[in-house]
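To keep things clear, I will list the structure first and then write my remarks on it.
The sequence lines fix the lettering, A, B, ..., with proteins before strands; numbering per chain opens at 1.
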2 protein chains.
Amino acid sequence: MSTAFSWNDLQYFLAVARTGQLSAAARNLRTTHVTVSRRIEQLEFALKAKLFERNPRGYELTTIGRRLVDTAEIIEAEAERLQAQISDSVSQLRGLVRLSAPEGISNFFFVEKLTQFAEIHPPYQRRIAYNSTDYGTFA
Amino acid sequence: MSTAFSWNDLQYFLAVARTGQLSAAARNLRTTHVTVSRRIEQLEFALKAKLFERNPRGYELTTIGRRLVDTAEIIEAEAERLQAQISDSVSQLRGLVRLSAPEGISNFFFVEKLTQFAEIHPPYQRRIAYNSTDYGTFA
DNA sequence: CTGTTTTACGCACCTCGTAAGTATC
DNA sequence: GATACTTACGAGGTGCGTAAAACAG
């Protein structure tokens, strides 16, 4: 069985759960309280559960909402871990590429070709070398 | 630090990783291969990493992509667990509500009031009772 | 020629922020 | 009045599917 709710909305859920306020959550998320309100509303509708109690001075977790915080935080942590794994993989796969070519043949030509076949994205770096002479980093 | 990529796109990532094809993944996700293609493209752009190798007969995980599967699956499992926790909470909080009132005072009046204060959503059920006489389920 | 993925094209929806309204302290 | 949320509104963007193109077995 698949989930019907938007996983992204969990970020809004956590932000509101932590701050207890739409406005404060909005500041952390760099958006407006109106947007946060809508995301929470949507999440509650999708889950068919009231997650917050609307009080005059903010949002307070309901019993159900409180039970979801831990799980949501695991998801958040895993999402950040996934992001970190990218960086790890990048550094593991990064290596020094040296090029040799007869005079008159530009290194940049090969670099250009390499970038077409290799999985290269910023912040990857290639060093430019000519006959074992290192010409520095190429962005 | 917060994540920049869309957590939702991980569902598309997993579907493609498992089937090895946009079309097959699309069938499982009840959408079209075009949409799946775009979600993967967006995810790769956000993560700044190439997750799949485009082969003539399908999508194959790259080294980086393969490393993210486990983490993505944890997120998926936690998302489903979160959904399940809702159901658990619902059944724990559901209880029989009995009402007593003098003749002439409708039970429905109190039911109406109750629904304003209690966290009640479908598929919650309330039973209508009058002086301990059970009048059945009220939708 | 059947199975892919990719690209092109609009349309529709949806999300967003501004602004005004409501409520509480 | 200050601070919170809610509602209204309009614009902009974005995601969507259909359809056609490109490619391989």
*Phosphate-side-chain proximity, B:T31 and D:dC16, N/O vs OP1/OP2 below 4.0 Å*: no

*Using a cut-off of strictly less than 4.0 Å, decide whether A:S23 has a side-chain nitrogen or oxygen near OP1 or OP2 of D:dC5.*
yes

In whole angstroms, how far is the [atom2] atom of [N] from the [atom1] atom of [X]?
X	N	atom1	atom2	result
B:H33	D:dC16	NE2	P	14 Å
B:R54	D:dA22	CZ	C1'	16 Å
A:R39	D:dC5	CZ	P	17 Å
A:R30	C:dC16	CZ	C1'	18 Å
B:Q21	D:dC23	CD	P	20 Å
B:N55	C:dT5	CG	P	11 Å
B:E53	D:dA24	CD	C1'	17 Å
A:E60	D:dC5	CD	P	13 Å

Selected nucleotide, minimal atom distance to [X] side chain, candidates [options]:
X	options	answer
A:T32	C:dG17, D:dC5, C:dT5	C:dG17
B:S37	C:dC16, C:dT6, D:dA4	C:dT6
A:P56	C:dT15, C:dT24, D:dG17	C:dT24
A:V34	C:dT5, C:dT18, D:dC16	C:dT18
B:L22	C:dT6, D:dT6, C:dG17	C:dT6
A:Y59	D:dG17, D:dC5, C:dT4	D:dC5
A:R38	D:dA8, C:dT5, D:dG15	D:dA8

Within the structure provided, determine whether [X] and [Y] are in side-chain contact (heavy-atom separation under 4.5 Å).
X	Y	answer
B:T3	A:Q11	yes
B:Q21	B:V16	no
B:F52	B:K50	no
B:E76	B:R81	no

*Starting at the 5' end of DNA chain C, which residue's closest nucleotide do you reach first, B:G58 or A:R57?*
B:G58

*Under 3.5 Å, is there a donor-acceptor pair between the B:S6 and B:Q42 side chains?*
no

*Touch check for B:Q42, heavy atoms < 4.0 angstrom, all strands: base, sugar-phosphate only, or nothing?*
sugar-phosphate

